[in-house]
Amino acid sequence: VQLQASGGGLVQAGGSLRLSCAASGRTFSSYAMGWLRQAPGKEREFVATLSRSGGSSAYADSVKGRFTISRDNNKNAVYLQMDGLKPEDTAVYYCAARRLVTTTLRYEYDYWGQGTLVTVSS
């Protein structure tokens, strides 16, 4: 599966952004999806993951209550709604896919998108 992330940009602290990830192929619903991010000088870290049906999700503690992951299997897309953004959320955000089951571990994802930059100003 090929993934294309979009929706990043510059936003003030406290603002919102919605990231989108479009997937190619007819087997999108076979993949659990995730969002991960990488800040300058830091390792890539888990943000959120969502099951194939969309019925089960998990979030990093740092974004819990502020970010929401969702998907539309009819449109082959996954989204990340980010509210209450903080300067520490500044990073390149990647969508990723893993066959069948969700994971919070970055090395367990099978496919990656190219990333979209989110910059939060204070």
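- In this structure, Tyr109 contributes its side chain and Cys95 its backbone to no donor-acceptor pair below 3.5 Å.
- A continuous path of hydrophobic side-chain contacts links Leu117 to Trp112 [ILVMFWY only; heavy atoms under 4.5 Å].
- Considering every non-hydrogen atom in both Ser29 and Asn73, the closest pair reads CB-ND2, 3.8 Å.
- Under a 3.5 Å cut-off, the side chain of Thr49 and the backbone N or O of Met33 do form a donor-acceptor pair.
- Considering OH of Tyr111 and OH of Tyr31, their distance stands at 4.0 Å, rounded to 0.5 Å.
- At least one donor-acceptor pair under 3.5 Å links the side chain of Gln114 to the backbone N or O of Ala5.
- Val47 is not connected to Val92 by any chain of hydrophobic side-chain contacts under 4.5 Å among Ile, Leu, Val, Met, Phe, Trp and Tyr, and they are in different clusters.
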Side chains of residues 8-20: which donor-acceptor pairs under 3.5 Å do they make with residues two or more places apart or in other chains?
unit_1: Ser16; atom_1: OG; unit_2: Asp83; atom_2: OD1; d: 2.7

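- Across Gly113 and Tyr94, no two heavy atoms sit closer than the pair O-CD2, 3.5 Å.
- Residue-environment remark: NZ (Lys42) stays at or below the threshold of 12 foreign heavy atoms within 6.0 Å.
- Using a distance-only test at 3.5 Å, with no hydrogens or angles considered, a donor-acceptor pair links the side chain of Arg52 to the main chain of Leu100.
- Arg37 and Tyr93 share a donor-acceptor pair across their side chains, judged by distance under 3.5 Å alone.
- Checking side-chain atoms of Ser57 against main-chain N and O of Leu50 turns up no donor-acceptor pair under 3.5 Å.
- Between the Tyr59 side chain and the Ile69 main chain, a donor and an acceptor come within less than 3.5 Å of each other.
- Here Lys86 does not pair with Asp89 in a salt bridge; the nearest charged N to carboxylate O distance is not below 4.0 Å.
- Residues Tyr79 and Met82 fall into different hydrophobic clusters, defined by Ile, Leu, Val, Met, Phe, Trp and Tyr side chains chained together at heavy-atom separations under 4.5 Å.
- Each of Leu36 and Leu3 belongs to its own hydrophobic cluster when Ile, Leu, Val, Met, Phe, Trp and Tyr are linked at side-chain heavy-atom distances under 4.5 angstrom.
- By the rule that hydrophobic residues join a cluster once side-chain heavy atoms approach within less than 4.5 Å of another member, Phe46 and Trp35 end up as members of separate clusters.
- Note that Arg71 lies in the cation-pi zone of Phe28, set by a 6.0 Å cut-off to the ring centre and a 45° limit from the axis.
- Glu45 is not listed as a side-chain neighbour of Arg106, based on a closest heavy-atom distance of 4.5 Å or more.
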